[in-house]
Amino acid sequence: MGDRTFPRQLKEVKSVGPSPSDLQWIQDNPDYFGSLENMNMQESKSGSTSDQLQAATGYVIGVTSSIFAEHILSHPFIVLRRQCQVHHNGVWYHNTPFTLVTVLVQLQRHQGMSSSWKGIVSVLMSKGILMVNETVISELTPLPKEVTRHSSPRKHLEHLLLKGLAYILATPFLATSFIETIQADISSDKPGPIDFIKEGVGRVMGWGMPQTTRLLPVYTLILPTAMMGVSQYVIVQVARATMLSSFKQREQEMRDKSTSVDGKEQEESLYNKYFPEMMANFAGNLLADVLLFPLETVLHRLYAQGTRTIIDNLDTGVDVIPISTNYQGFFDCFRSILVEEGISGLYRGFGALILQYALQACLLKFSKYMFEKVSKELNSPNSMPPAPTSMPPTTPVKQRSADRLNQPRHPEVAGQQQQRAQQPQTSYMEQAYRNQRR
């Protein structure tokens, strides 16, 4: 009798638990969304989204302020500066920006806004040719295209050699783009991108032409162009590295002070992350243009000699005048300017440079305001995600999911399980024996 009833009783005891079909429909969604792990996951996602938003905002403001200001917004002042530099017999030197105001008004009245943006396509194309030259030379030679402060002096010299070779190959196109920026619109047709390429190639074909003509051959221009481009690059990089180092040092001192006072480290704001780079580029370009302005004047006069270019008369701003010079080379041009025009002749059009960087400084100030405002908006308490609610310490979150899995769907099964939990823990053999005796 014991052998026949024992398995049946044991089977009845096993049937008390929930079946697999009762467990497969239990949904744990409330615990999933309410668990601490998922709250931390949502916090990390919101943090990464905020970082991406800050990066995108900083990139947009940086591109608008630096690239737009340097290549687009400054172009009218570059045109004025170059026309003043080649106007060798002009009465007004325009060393200050005050004398350029009436000229600007007259130019806009007689020629319109388009006169200030002439040659911008060729200038951008010449800069693109420089970048292509650097890439091709770095692929065909062991010269490095990029270096860091940890690179050896030999690597830095090879990098500067790469820059010089890129400027040598781009010299005819740089000269062609310069001519398009200074020639008067009312005396010539507006050239297109194809005309720019044709004129650059035609300037190369004049290699080795006789010295009886006033147009200087390209081989007399490649060395001054390379020296000018490499010098400008070195000055910009040195000034940029110095500015960034000072910014980082000052930021580290401010962080150390805030940590010692508040006991917690200060987070890096959007302003501290992107504005120093923009300020360093601005300072480097300004320093390079001021220091190399006399050499730029000499080089631009060599570019324009013998090209039969007609420019705007910047003494009146109404009529046009031709360029007629007869320099034999770089040093002859430099000496002739000192003798005929004085030292101030090397700084013709310096007032346009002042206007150019004054406008860039205003735009930089506006960018600083935008960085600070966006940083406050992104770091404000309203934009932060809500903090997760704390769970009672007696009911850990991880145990709630397990408890729900052990709970059966049918109420009668739940009652049987509750009775079993209240009874003292016994083995299956003892429980079966007691049921048999009953």
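Model, not experiment: these values are computed from the prediction.
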Would you mind reporting whether [Y] and [X] have side-chain heavy atoms less than 4.5 Å apart?
X      : Y      : result
Ile321 : Ile310 : no
Arg214 : Thr325 : no
Thr181 : Ile78  : no
Leu359 : Leu355 : no
Leu221 : Leu174 : no
Ile129 : Leu169 : no
Ile168 : Thr225 : no
Asn281 : Arg240 : yes

For [X] versus [Y], what's the shortest heavy-atom pair and its separation?
X      : Y      : answer
Val91  : Asp315 : N-OD2, 3.0 Å
Pro97  : Ile354 : CD-CD1, 4.0 Å
Asn95  : Ser344 : ND2-O, 3.6 Å
Pro172 : Val218 : CD-CG1, 4.3 Å
Val320 : Ala184 : CG1-CB, 3.7 Å
Thr96  : Thr99  : O-OG1, 3.3 Å

Quick check: does any side chain N or O of [X] sit under 3.5 Å from a backbone N or O of [Y], one acting as donor and the other as acceptor?
X      : Y      : value
Arg301 : Gln85  : yes
Lys155 : Val147 : no
His88  : Ser324 : yes
His156 : Thr148 : yes
Ser138 : Thr135 : yes

Please walk me through it: do Trp117 and Ile72 pass side chain to side chain contact (heavy atoms under 4.5 Å, CB included)? CA-CA 9 Å; Trp117 303 95; Ile72 307 298; 4.0 Å; yes
Would you list the pairs meeting ring-ring contact (aromatic ring centres under 6.0 Å, His included) in which at least one residue belongs to residues 283-314, sequence neighbours left out? Phe178-His300, Phe178-Tyr303, Phe293-Tyr347, Phe293-Phe350
Quick one: which residue pairs count as a ring-ring contact (aromatic ring centres under 6.0 Å, His included) with a foot in residues 308-333, not counting sequence neighbours? none
More than 12 heavy atoms of other groups within 6.0 Å of Leu140 CG: yes
Output yes when Lys198 and Asp195 qualify as a salt bridge under the 4.0 Å nitrogen-oxygen rule, no when they do not. no
What pairs of residues pass the side-chain hydrogen bond (donor to acceptor under 3.5 Å, both in side chains) test when at least one of them lies in residues 161-170, not counting sequence neighbours? Glu134-Lys163
Show every donor-acceptor pair shorter than 3.5 Å between a side-chain atom in residues 227-236 and any protein atom, with sequence neighbours excluded, or say none if there are none.
{"from": "Ser231", "atom 1": "OG", "to": "Met227", "atom 2": "O", "distance (Å)": "2.6"}
{"from": "Gln232", "atom 1": "NE2", "to": "Asp289", "atom 2": "OD1", "distance (Å)": "3.4"}
{"from": "Tyr233", "atom 1": "OH", "to": "His159", "atom 2": "NE2", "distance (Å)": "2.8"}

In Å and rounded to the nearest 0.5 Å, what is the [atom1] to [atom2] distance from [X] to [Y]?
X      : Y      : atom1 : atom2 : answer
Leu161 : Thr141 : CG    : OG1   : 8.0 Å
Leu287 : Met243 : CG    : CE    : 10.5 Å
Cys84  : Arg82  : SG    : CZ    : 12.5 Å
Leu302 : Leu215 : CG    : CG    : 11.0 Å
Leu244 : Phe247 : CG    : CZ    : 8.0 Å
Asn89  : Asn313 : CG    : CG    : 8.5 Å

If we ignore angles and hydrogens, is there a donor and acceptor under 3.5 Å between the side chains of [X] and [Y]?
X      : Y      : answer
Glu199 : Thr176 : no
Gln108 : Ser116 : yes
Asn285 : Gln360 : no
Arg203 : Thr171 : no

Hey, mind stepping through Leu364 and Phe275 against side chain to side chain contact (heavy atoms under 4.5 Å, CB included) and telling me if it holds? CA-CA 9 Å; Leu364 198 65; Phe275 187 76; 3.9 Å; yes
Evaluate Ser177 against Met125 for side chain to side chain contact (heavy atoms under 4.5 Å, CB included), listing each step before the verdict. CA-CA 8 Å; Ser177 66; Met125 290 181 64; over 6 Å; no
Start with the C-alpha gap between Val79 and Ile182, add the side-chain angles, then the distance that decides, and say whether side chain to side chain contact (heavy atoms under 4.5 Å, CB included) holds. CA-CA 6 Å; Val79 171; Ile182 64 172; over 6 Å; no
Walk me through whether Phe282 and Tyr357 qualify under ring pair (Phe, Tyr, Trp, His ring centres under 6.0 Å). CA-CA 8 Å; Phe282 171 80; Tyr357 281 97; 5.8 Å; yes
Taking only residues two or more places apart in sequence, or in another chain, which ones meet Gln106 in a side chain to side chain donor-acceptor pair (under 3.5 Å)? none
Not counting sequence neighbours, which residues clear side chain to side chain donor-acceptor pair (under 3.5 Å) with Ser126? List them please.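 Partners of Ser126 by the side chain to side chain donor-acceptor pair (under 3.5 Å) criterion come out as none, since no residue qualifies.
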Given His94, His87, Glu341, the one that forms side chain to side chain donor-acceptor pair (under 3.5 Å) with Arg348: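 By the side chain to side chain donor-acceptor pair (under 3.5 Å) criterion, Arg348 pairs with just one of His94, His87, Glu341: Glu341.
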